[in-house]
Amino acid sequence: MPHITTGPQAATQLHAKTNTRASWCLELELALACTGYDLTNSVFSPDGRNFQVEYAVKAVENGGTSIGIRCKDGVVLAVEKVISSKLLKPGANKRIATIDRHMGAVSSGLVPDGRHFVSRARDEAASWRSVYKTPITVKDLASRMGGYLQAYTLYSSVRPFGITAIVGGWDSELELPVDGQVGEGPSIGAGGKVEGKTYGGPGLYMIEPSGMYWGYYGAATGKGRQTAKAELEKLDLAAGNLSLEDGVKEAARIIYVAHADNKDKEFELEMTWISRLDGPTKGKHQEVPKELLEEAERLAKKHLEGDDDEETKEDDKPAEGDQMEE
Amino acid sequence: MNHLPQAWGRPRDDVYGPYDSSYLQNNGPNQHTQQPIVTGTSVIALKFKDGVVIAADNLASYGSLARFTNVKRLRKFADTSVVGFGGDVSDMQYLDRLLNSLDIDEAYSSAGDTLNAHNLHTYLSKVLYKRRSDFNPLWNQLLVAGLDGEDMPFLASADLLGTTFSSPSLATGFGAHLAQPILRKVAPDEETAAKLSKEDAVQSVKECMKVLFYRDARSLDKYSIAVITKEGIDLKEDEKLEQQSWAFADKIRGYGTQVN
Amino acid sequence: MAMFSQNPLMNGPNYSFNQAPATASDGHKQHGFYPYTDNGGSTLAISGADFTIMAGDTRSTSGYSINTRYKPKVFKIGGTTASQNDATIVLSVVGFAADGEALKERLDAVVKMYRYQHGKPMSVKACAQRLSTILYGKRFFPYYVTAILGGLDEEGKGVVYSYDPVGSYEREMCRAAGAAASLIMPFLDNQVNFKNQYEPESGAGHELQEREKIPLPRGEVEDLVKDAFDSAVERHIEVGDGLQMMIVTKDGIEERYLPLKKD
């Protein structure tokens with residue numbers, strides 16, 4: 001059922017020109033692909049799409065599910081790590097990376113693209129520190145990385161990133177010195193602290209191949225994103241009541257539920273978290289401790305067994321569009 | 001008219017002649033550090049049965065001016081070690097940033113082990129030796145305190161020349177003359193240090209801080225002290241010298257107001 | 001400001017090193033960074049028929065202060081393990097300790113690489129030549145150290161090579177280096193090379209017969225080393241605390257530590 005939105009005249013003409021190829025084009029999901037606008041990055045199709053970006057999104061949709069949950073006292077990141085070979089060492093080949101002390105990232109899609117994303121993000125975080133003498137906030141990192149990914153949609157010599165990345169972290173509620181700074185600055189008045197103003201808190205952002213990024217209460221991407229999003233919405237994260245420890249359990253459960261669509265493949269659950277400064281990770285991005293991870297997995301499995309049929313019903317229900325914007 | 005952005009807002013060459021940018025050039029050789037500017041005085045440290053205690057006062061001097069009175073000269077590293085800095089404060093800040101980025105890089109891999117005090121000392125001494133070999137020294141003498149790979153107490157020194165050494169007790173600057181003899185009495189060798197209790201070690205170090213305050217004109221009665229054991233780091237940055245007794249000052253003769 | 005300079009006594013008399021003049025030719029006084037210091041101490045090596053002994057005191061000094069009573073100056077070179085227990089070459093360095101450490105680590109890396117690349121341990125002769133090249137490589141910013149290399153030669157005889165800071169070297173029976181070199185070396189000339197020792201009643205003046213040179217047995221050499229250091233400790237303030245000895249034989253390297261006076 002491919003249809004063409006005929007806009008400007010030029011577009012219609014171009015399409016008419018390619019009609020000779022229509023026979024095999026009809027088989028394609030995207031009829032417009034046959035116009036040749038899909039072959040080069042940075043070139044718009046007549047109706048304003050960058051096909052290379054959309055193909056990158058396809059790569060993401062095939063990747064293992066990644067999610068992030070912004071809790072009241074921290075952030076959880078989790079990924080469904082599909083086991084591609086029995087010869088891989090369990091627990092090795094981590095997919096969630098540390099960007100800075102207080103921040104981690106996970107991505108779905110092409111793993112090497114994810115690695116490059118992490119490498120760049122670490123450089124951005126380090127350079128922010130050396131310039132501003134303060135740790136980068138999650139928001140600023142998302143902005144930097146959004147800009148970086150967007151640049152990969154602008155040039156014909158490159159392709160967009162085949163990943164959607166979720167970045168989570170805790171911006172310190174206290175002022176953190178990054179070196180042996182001398183003096184403490186004025187306590188009030190010009191340059192001093194604003195009374196009653198709170199700083200820092202949890203941050204969760206998702207960055208897509210187009211370079212688009214939004215802040216989320218709960219983010220999901222990859223193969224099981226539809227199911228995961230539906231589950232995340234049920235948590236009423238906006239209310240800000242979910243504790244970090246419950247968030248860990250919910251994250252494990254959601255990954256298990258989302259995996260139900262992909263049952264034939266085995267997977268490993270990888271989870272990290274970042275708590276507030278007085279929490280269990282002291283503001284640092286760390287792996288979820290083994291005991292808690294195992295407990296969360298046990299509960300997740302129990303949940304799946306408990307209401308298996310309920311889950312199948314959920315899967316059939318088409319979730320609303322992937323993209324929250326537009 | 002020249003529309004290139006580089007030409008915006010500049011005097012026109014055809015009216016004023018070519019712009020003389022010679023002052024922008026850095027004529028002459030590169031300038032490297034020739035002397036420390038804002039400085040911290042002694043750092044002292046002592047090993048004991050199951051750890052190390054280290055202390056330094058909170059003063060940064062500008063020559064003879066007590067410039068900053070709340071400077072933390074003991075820096076934690078990765079919850080395993082403490083580095084005490086004597087000498088130039090800006091170089092201390094540079095090294096601290098370097099250690100911070102090293103710590104962040106180490107945390108990228110989640111595989112357990114981080115750098116211990118021994119590794120940290122090796123790293124720092126190589127940085128210092130490299131910089132002295134470039135004739136651009138980091139003007140510090142530092143003590144690294146913590147636990148080594150076998151979880152045994154570790155204490156070692158490194159300075160701006162890259163010279164390194166280790167001992168049951170160490171002291172930099174004035175402390176090498178005033179505190180080290182006292183500490184050596186408490187722990188003359190490794191065997192004695194390995195029997196020393198934490199309480200005795202802390203007591204001795206505090207006593208030394210007092211002696212240093214009595215006699216070192218570039219010192220302060222506010223200081224930081226850290227105890228590093230297997231249980232972690234206990235760092236206190238707002239300590240005050242207690243039970244001072246200046247009675248001895250009365251008997252000092254030979255300089256000052258009482259000449260004879 | 002003197003206390004923040006690298007050497008507490010920089011503006012006063014220095015014990016062993018002559019420091020560069022602080023006054024430029026125009027009479028303008030300049031304070032600059034001087035990249036060297038003297039950490040005192042002494043080393044000594046004696047070769048025997050089938051062994052070599054390398055020894056050094058363990059005191060490290062800055063001016064009149066003792067940095068530590070245990071800072072080794074004698075190292076095993078080119079072993080394959082962290083403990084260097086399979087090494088066959090020993091190196092001693094005395095002078096500026098940071099340079100000594102750097103030199104030791106470079107030579108150790110080179111000898112290790114030789115083993116990996118050639119599948120056999122490096123001979124002392126080759127190592128000696130290589131050490132000279134390394135030292136001369138920094139001819140215009142020297143490693144401020146006196147190095148001595150020891151081991152067994154291709155025939156299994158004890159061998160000692162001594163160096164100046166810029167790589168001039170020669171094979172010798174024995175050598176003392178460092179702060180107390182001038183105290184120990186004449187003693188060694190007499191006791192090891194039998195200088196000024198003549199056959200009794202062999203004549204007068206040019207008729208005198210020198211005592212026949214024979215390599216000393218190991219026990220006697222160990223005693224000589226101990227005596228040499230005990231004497232040096234009495235007369236030189238930068239020498240003392242402990243005596244570290246490495247004895248290279250065909251069975252490997254034996255390490256010994258003896259206390260010296262700590263005053």
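Chain identifiers are assigned alphabetically (A, B, ...) following the order of the sequence lines, protein sequences preceding nucleic acid strands; residue numbering begins at 1 within each chain.
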Take atom [atom1] of [X] as the centre, draw a 6.0 Å sphere, and report whether it contains more than 12 heavy atoms from other residues, nucleotides or ligands.
{"X": "B/Arg97", "atom1": "CZ", "value": "yes"}
{"X": "C/Lys262", "atom1": "NZ", "value": "yes"}
{"X": "C/Lys138", "atom1": "NZ", "value": "yes"}

(Q) Please evaluate residues C/Tyr70 and B/Asp189 with respect to the criterion side chain to side chain donor-acceptor pair (under 3.5 Å), reporting the C-alpha separation (whole Å), side-chain torsions for both, the decisive distance (0.1 Å), and the verdict. (A) CA-CA 10 Å; C/Tyr70 188 71; B/Asp189 48 39; over 6 Å; no

Q. Looking only at heavy atoms, which two atoms of C/Ile66 and B/Arg184 are closest? And how far apart?
A.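 Closest approach of C/Ile66 to B/Arg184, heavy atoms only: O-NH2, 2.6 Å.
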
Q | Residue part contacting chain C, namely of B/Glu190, when any heavy atom lies under 4.5 Å | A |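 B/Glu190 has no heavy atom closer than 4.5 Å to chain C.
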
Q: Can you tell which part of B/Leu170 gets under 4.5 Å to a heavy atom of chain C, answering side chain, backbone, both or neither?
A: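 Contact with chain C is through the side chain of B/Leu170 alone.
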
Q.
Would B/Arg132 pass as a cation-pi partner of C/Tyr34, given that its NZ or CZ must be under 6.0 Å from the six-membered ring centre and within 45 degrees of the axis?
A.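 No, B/Arg132 does not sit over the ring of C/Tyr34.
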
Interatomic spacing from [atom1] in [X] to [atom2] in [Y] - rounded to 0.5 Å:
{"X": "C/Arg69", "Y": "B/Phe165", "atom1": "CZ", "atom2": "CZ", "answer": "13.0 Å"}
{"X": "B/Ser157", "Y": "C/Asn67", "atom1": "OG", "atom2": "CG", "answer": "7.0 Å"}
{"X": "C/Phe33", "Y": "B/Trp139", "atom1": "CZ", "atom2": "CH2", "answer": "6.0 Å"}
{"X": "B/Thr163", "Y": "C/Tyr36", "atom1": "OG1", "atom2": "OH", "answer": "12.5 Å"}

Q. For residues C/Lys71 and B/Thr164, is any side-chain donor paired with an opposing acceptor at under 3.5 Å?
A.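 Distance-only check passes for C/Lys71 and B/Thr164.
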
Q: Evaluate salt bridge (charged side-chain N to carboxylate O under 4.0 Å, His left out) for B/Lys126 paired with C/Glu101, printing each intermediate quantity in order.
A: CA-CA 10 Å; B/Lys126 299 222 161 181; C/Glu101 200 87 9; over 6 Å; no

Q: Before giving the answer on side-chain contact (heavy atoms from CB on, under 4.5 Å), spell out for C/Asp99 and B/Tyr129 the whole-Å C-alpha distance, their side-chain angles and the decisive distance to 0.1 Å.
A: CA-CA 9 Å; C/Asp99 273 351; B/Tyr129 183 72; 2.4 Å; yes

